[in-house]
Number of protein chains: 2
Amino acid sequence: MNKDKKVTSYDVAREAGVSQSAVSRVFRPGLSVSQKTRDKVMETANKMGYRPNAIARMLITKQSGMVAVIVSSRANINYPEVLSQVSKQLAARNKRVLLFTLDDAESADDLFEQIRTFQVDGVIALAAHFESQRLAQFKQHNIPVVLYNRNVPDAMANTVCCNHELGIKQLIAELQINQPKNYLVLSGPKDSDVANERREIALNLLKKSDENHVSVLYGDYSYQSGRDCLAKWLKKHPAPDAIICSNDSMAVGVIDEARENHKIHIPNDMSVVGFDGYASSSWSSYQVTTIKQPLEQLVKAAVDMLIERIENPESPPEARVLTGMLIKGNSVRRP
Amino acid sequence: MNKDKKVTSYDVAREAGVSQSAVSRVFRPGLSVSQKTRDKVMETANKMGYRPNAIARMLITKQSGMVAVIVSSRANINYPEVLSQVSKQLAARNKRVLLFTLDDAESADDLFEQIRTFQVDGVIALAAHFESQRLAQFKQHNIPVVLYNRNVPDAMANTVCCNHELGIKQLIAELQINQPKNYLVLSGPKDSDVANERREIALNLLKKSDENHVSVLYGDYSYQSGRDCLAKWLKKHPAPDAIICSNDSMAVGVIDEARENHKIHIPNDMSVVGFDGYASSSWSSYQVTTIKQPLEQLVKAAVDMLIERIENPESPPEARVLTGMLIKGNSVRRP
DNA sequence: TTCATTATTGCATTCGAAGTCATTATTACG
DNA sequence: CGTAATAATGACTTCGAATGCAATAATGAA
């Protein structure tokens, strides 16, 4: 039934008594082929186990049908589901995901060259940091880029992002019900754009509402860093009334540390809020008050924008901001 | 500096005053080129922004340099980090990940065709179920396959897996310190091979040690299903002394449900063990006693085997079983 | 039935790099 | 210095499908 060597369109053509062009046309949608040849070709193709070679097709059509998805190690911690969502939604648009991981800035040049080499139709960057200089490179080579979970106004790329400003405003409003006297902002790492954005928004909003006792600490988004930061803080200071964490993992870490090592009751002695709506933050031992990101919609927006950009390269960059949902958990004191 | 159209090796050749072959050779490692031409070509290539076209290279060399990684939605829940590990380790072997998601069995045929079309060098399947019939298909088309986290003796594919038998034996030994009178085995879904394996191993081991009061319930690996199953059980039965969960998420669900809705103290009233060593199961509110899978080593084994198989297609199928590490948490009563 | 129109078909070319082979330049050494 | 061995180079072909174009077949209108 099938031989060692791969079956090509020529083999099928010969066997079916038609030209190679005919075979090709049968496997492209919407091309003019008579029902008779179509049936004949299909039959022999199936019999011989023929599949069109996507590589050859890519070469001639200059469309690889692949989208590079760049995942920073950070993104992986925070959104385990994003990637499969992206893959699924791109598959629905008949595109595949070519996966790249990005850890350190040094390899970014390399990554860029790799991506160019593979002739991808576009790029989706998950929570990865890109200099605007690099975005310019992509633009120069006509590679559409969508930044997921970034919100940079001057971007040369499309961005999709959940509304941090609004979300954090809601979280702070929740906290303010108790009129806390002092705040601790537990930020993500300084080299994370999202962390910086969330932190600055929080600080600005607190300043606006004349909250004067605000301190900042830096973690790395991990559970352990949440614990460590709180422990470090408590060595020199009393427990703050309210802690604003840049993500849920750190919030959970803070809660565990407070309870286990410092006999601090959450939420009675201290209120904690997170961000993201990560599944485990809703587990009943934590029930973190947080903003749940509209994951599916975010991914859909990213994919839509990318496809639009691929099909119409001239369309101007666009920033989509979706609204997250406030989850009222049990980590903020209720009066 | 760079024009609209893509720069090809011919363009560089013309500009540098050499032949296209020369340009090609400069960009392949280990080929005979004089230092002079190499420098000249490199310089003009950089000036013109030339990158070799991987698609064209794939076509002629018949090596795509891409590995299809198939992720079932289930795998994603259980091992958020596996995928980036796979990508990283494959990148180190100069291969890229082409990502495919597999949800329902219906799409499996489609998936297979897709994979063939893309001429991937090999396949790694993460916790996905494949009929041996399908494995035969892959074999027939000379596509090397590695099954991650599966242990099927008669496989036509390579497999890598953590030692379930040993791990579960250790977990049961932990539980037996308290001489529990009855057991509840909380299995993963029936259509998961891993779940079935873990369940049957547990049941067999319990039978061997003459434990007679053993019941089984089926969840879907999720936190919520852990909660639901326990709740359902407690409606008609008293709390079991020991619960063996097929993964950590369900164990955490069980713990939360027991504490929150049934005033059952873990571990004093009931012991719970999980499997996987999922990060959040070690959070101090849970501290699930479990087996930690040696993730990096598992992935490394999978990648090694795949590369070996790609380079040497005749090498016989191999099954690698790595030993997990017992994590003594705080979810099993200590005498 | 005849001619115009449209639908099918095949031929030949194309995409861009890699590799084969024959040729030329270089080096080594007697 | 001459010759053999080796290194470097370029012309040409190849991979497999897609497509423009011309030729042919099928259809419809008159």
Side-chain angles (χ1 to χ4, degrees), chain A residues 3-42 44-45 48-66 113-114 116-121 141, chain B residues 3-42 44-45 48-66 113-114 116-121 141:
Chain A
K3 309 284 172 298
D4 257 22
K5 304 192 71 240
K6 297 225 162 133
V7 184
T8 75
S9 56
Y10 283 97
D11 301 330
V12 176
R14 197 182 318 113
E15 190 76 12
V18 297
S19 74
Q20 179 267 328
S21 327
V23 177
S24 170
R25 278 191 275 259
V26 167
F27 282 88
R28 280 329 335 242
L31 286 184
S32 160
V33 200
S34 73
Q35 195 58 45
K36 203 172 60 181
T37 24
R38 164 162 280 129
D39 293 347
K40 195 167 47 181
V41 167
M42 272 309 207
T44 38
M48 304 175 74
Y50 169 75
R51 280 267 86 196
N53 182 327
I55 307 292
R57 175 179 295 172
M58 291 176 198
L59 186 59
I60 188 79
T61 62
K62 306 189 156 201
Q63 285 250 331
S64 68
M66 302 189 298
E113 297 303 337
Q114 287 283 345
R116 281 220 303 144
T117 288
F118 276 91
Q119 318 284 119
V120 298
D121 298 341
H141 291 281
Chain B
K3 311 281 169 301
D4 258 22
K5 305 190 70 242
K6 297 224 163 135
V7 185
T8 76
S9 56
Y10 283 97
D11 301 329
V12 176
R14 197 183 318 112
E15 190 75 13
V18 297
S19 74
Q20 180 266 329
S21 321
V23 177
S24 171
R25 277 191 279 258
V26 168
F27 281 89
R28 302 264 52 201
L31 287 184
S32 160
V33 199
S34 73
Q35 196 57 44
K36 205 173 58 179
T37 28
R38 165 162 280 129
D39 292 347
K40 194 166 48 179
V41 167
M42 271 311 204
T44 38
M48 302 176 75
Y50 168 74
R51 278 269 86 197
N53 181 328
I55 308 292
R57 174 180 297 173
M58 291 176 198
L59 185 59
I60 189 78
T61 61
K62 304 184 157 205
Q63 284 251 332
S64 69
M66 302 189 296
E113 296 303 337
Q114 285 283 345
R116 279 215 310 137
T117 288
F118 276 90
Q119 318 283 120
V120 297
D121 298 340
H141 291 282

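A quick note: this is a predicted structure, and the numbers were derived from the prediction, not measured. To find a chain, count down the sequence lines: A is the first, B the second, and so on, and within it residues start at 1.
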Open item on the list: Between B:S19 and D:dG10, is there a contact of a side-chain N or O with OP1 or OP2 at under 4.0 Å?
Closed with: yes
Contacts of A:R51 meeting side-chain contact (heavy atoms from CB on, under 4.5 Å) (sequence neighbours excluded), chain-then-number -> A:F27, B:E113, B:R116, B:T117
**Request:** Using a 4.0 Å heavy-atom cut-off across all strands, classify B:V23 as base, sugar-phosphate, or nothing.
**Result:** nothing
Shortest non-hydrogen pair, B:A16 vs B:T44, comes out as CB-OG1, 3.4 Å
* Asked: Taking OP1 and OP2 of C:dG16, is either one under 4.0 Å from a side-chain nitrogen or oxygen of A:K62?
  -> yes
Among the nucleotides C:dG16, C:dT9, C:dG10, whichever has the atom closest to the side chain of A:V18 is C:dG10
So, is A:S24 near the phosphate of D:dT19, with a side-chain N or O under 4.0 Å from OP1 or OP2? no
Handout entry: Under 4.0 angstrom between B:T37 side-chain N/O and D:dT9 OP1 or OP2
Key = yes
From CD of B:Q20 across to P of C:dT20 the rounded distance in Å is 14 Å
Which part of the nucleic acid, if any, lies within reach of B:R51 when heavy atoms closer than 4.0 Å are counted: base, sugar-phosphate only, or nothing? sugar-phosphate
Separation of D:dA17 atom P from B:L59 atom CG, nearest Å, is 9 Å
Checking D:dA17, C:dA17, C:dA18 against the side chain of B:N53 (C-beta onward), the nearest is C:dA17
| request: Look at the side-chain N and O atoms of A:Y50 and state whether any lies under 4.0 Å from the OP1 or OP2 oxygen of D:dA17. | output: yes
For the pair B:D11 (side chain) and B:T8 (backbone), establish whether a donor and an acceptor sit closer than 3.5 Å, ignoring hydrogens and angles. yes
> What is the nucleic acid contact for A:S21, judged by heavy atoms within less than 4.0 Å: base, sugar-phosphate only, or nothing?
Replying inline: base
B:R25 CZ to C:dG16 P, in whole Å, measures 20 Å
State whether B:S34 places a side-chain N or O below 4.0 Å from either non-bridging phosphate oxygen (OP1 or OP2) of D:dT9. yes
Scanning both residues in full, the closest heavy-atom pair of B:L59 with A:I55 reads N-CG2, 3.6 Å
